[in-house]
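Just below is one structure, and these are the notes that go with it.
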Amino acid sequence: MCSETVAIANDHAGVELKALLVKDLEALGLRVLDLGANTAESVDYPDFAVRVVEAIVNGAADRGVLICGTGIGMGMAANRTRGIRAAVCHDAVSARLAREHNDANVLALGARTLGPEVARDCLKVFLSTAFDGGPRHVRRLQKLQ
Ligand code: RB5
């Protein structure tokens, strides 16, 4: 498992799942930057996605986790910034391939579309899988830039 800082944020839909995932991150010995939201009050997901994006861009975090109802809004918001590669993952396979092929640095999860154990599995695989590298994947990522 990697030794690094993980920034995590969510909207109102993701409060409970975030609490679960923060425990998993801490149990893995990772430093966690919990950037909200921590109440059920309705909030706007872009306001929280940008916190994680800025933490990564500023070097305060190595990777990020974003949670909303579906993961989709968070993924869209995060991917507006150069250098952020957010992947909405639905299972261990998508989490693994997001790392191996896409070198994803943000995991976006849907609290309303995933069971908690599936989400935990996505996180574990996301953190423990390396980028495959190699000319074809690197070339494609360069085109994203
Ligand atoms: C909030 O109701 C919901 O729209 C949000 O959590 C997310 O699913 C958006 O993509």
Side-chain angles (χ1 to χ4, degrees), residues 1-2 4-132 137-145:
M1 203 57 71
C2 43
E4 59 183 40
T5 299
V6 178
I8 187 166
N10 53 281
D11 70 1
H12 50 283
V15 175
E16 286 179 22
L17 179 58
K18 194 261 299 281
L20 207 58
L21 298 186
V22 165
K23 280 188 194 158
D24 284 348
L25 291 166
E26 289 172 345
L28 290 169
L30 299 172
R31 187 165 165 260
V32 180
L33 286 183
D34 181 352
L35 302 176
N38 288 313
T39 73
E41 180 193 349
S42 181
V43 292
D44 298 334
Y45 57 82
D47 297 337
F48 289 85
V50 76
R51 295 181 183 190
V52 164
V53 164
E54 283 176 358
I56 293 171
V57 169
N58 297 339
D62 302 288
R63 302 198 220 189
V65 179
L66 288 167
I67 309 162
C68 61
T70 59
I72 294 171
M74 286 294 199
M76 286 180 171
N79 278 324
R80 297 182 66 80
T81 297
R82 189 179 294 268
I84 297 297
R85 293 176 301 280
V88 183
C89 295
H90 298 101
D91 49 35
V93 175
S94 47
R96 177 172 61 78
L97 291 172
R99 290 289 310 131
E100 287 179 351
H101 289 195
N102 311 109
D103 197 19
N105 52 8
V106 174
L107 174 67
L109 297 171
R112 293 174 178 160
T113 56
L114 300 180
E117 292 307 315
V118 174
R120 295 177 72 203
D121 209 22
C122 286
L123 178 64
K124 189 173 150 198
V125 171
F126 178 78
L127 292 171
S128 60
T129 305
F131 176 45
D132 271 354
H137 295 313
V138 169
R139 182 181 67 247
R140 291 163 188 165
L141 293 181
Q142 281 169 346
K143 289 185 178 186
L144 286 182
Q145 289 293 100

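Computed over heavy atoms, backbone and side chain alike; hydrogens, waters and symmetry mates excluded. Along the sequence shown, residues carry numbers from 1. Atoms within each ligand, like the ligands themselves, are counted from 1 in listed order.
- Counting only heavy atoms of the protein, atom 10 (O) of ligand 1 lies nearest to Gly73 N, 2.9 Å.
- Looking at every heavy atom in both residues, Val15 comes nearest to Ala37 through CG2-O, 3.8 Å.
- Under the side-chain contact (heavy atoms from CB on, under 4.5 Å) rule, Leu25 has a single partner from Asp34, Leu127, Thr5, which is Leu127.
- Distance from atom 9 (C) of ligand 1 to its nearest protein heavy atom, with residue and atom name: Tyr45 CE2, 3.5 Å.
- Salt-bridge annotation for Asp103 and Arg85: present, with a side-chain N of the basic residue lying under 4.0 Å from a carboxylate O of the acidic one.
- Considering only residues two or more places apart in sequence or on other chains, His90 meets the ring pair (Phe, Tyr, Trp, His ring centres under 6.0 Å) condition with none of them.
- Within the 4.0 Å cut-off (strictly below), no protein heavy atom is located near atom 4 (O) of ligand 1.
- Nearest to atom 2 (O) of ligand 1 among the protein's heavy atoms is Arg112 NH1, 3.2 Å.
- Atom numbering of ligand 1 starts at 1 in the shown order; those under 4.0 Å from a heavy atom of Gly69 are 5 (C), 6 (O), 7 (C), 8 (O).
- Residues Glu41 and His12 share a closest heavy-atom pair of O-CB, 3.3 Å.
- Every atom of ligand 1 is numbered from 1 in the order shown, and the set under 4.0 Å from a heavy atom of His12 is 1 (C), 2 (O).
- Between Lys23 and Glu26 there is no salt bridge, since no side-chain N of the basic residue sits under 4.0 Å from a carboxylate O of the acidic one.
- Within ligand 1, the atoms closer than 4.0 Å to a non-hydrogen atom of Asp11 are 1 (C), 5 (C), 6 (O), numbered from 1 in the order shown.
- The N/O atoms of Met74, backbone and side chain alike, include none that comes under 3.5 Å of an N/O atom in ligand 1.
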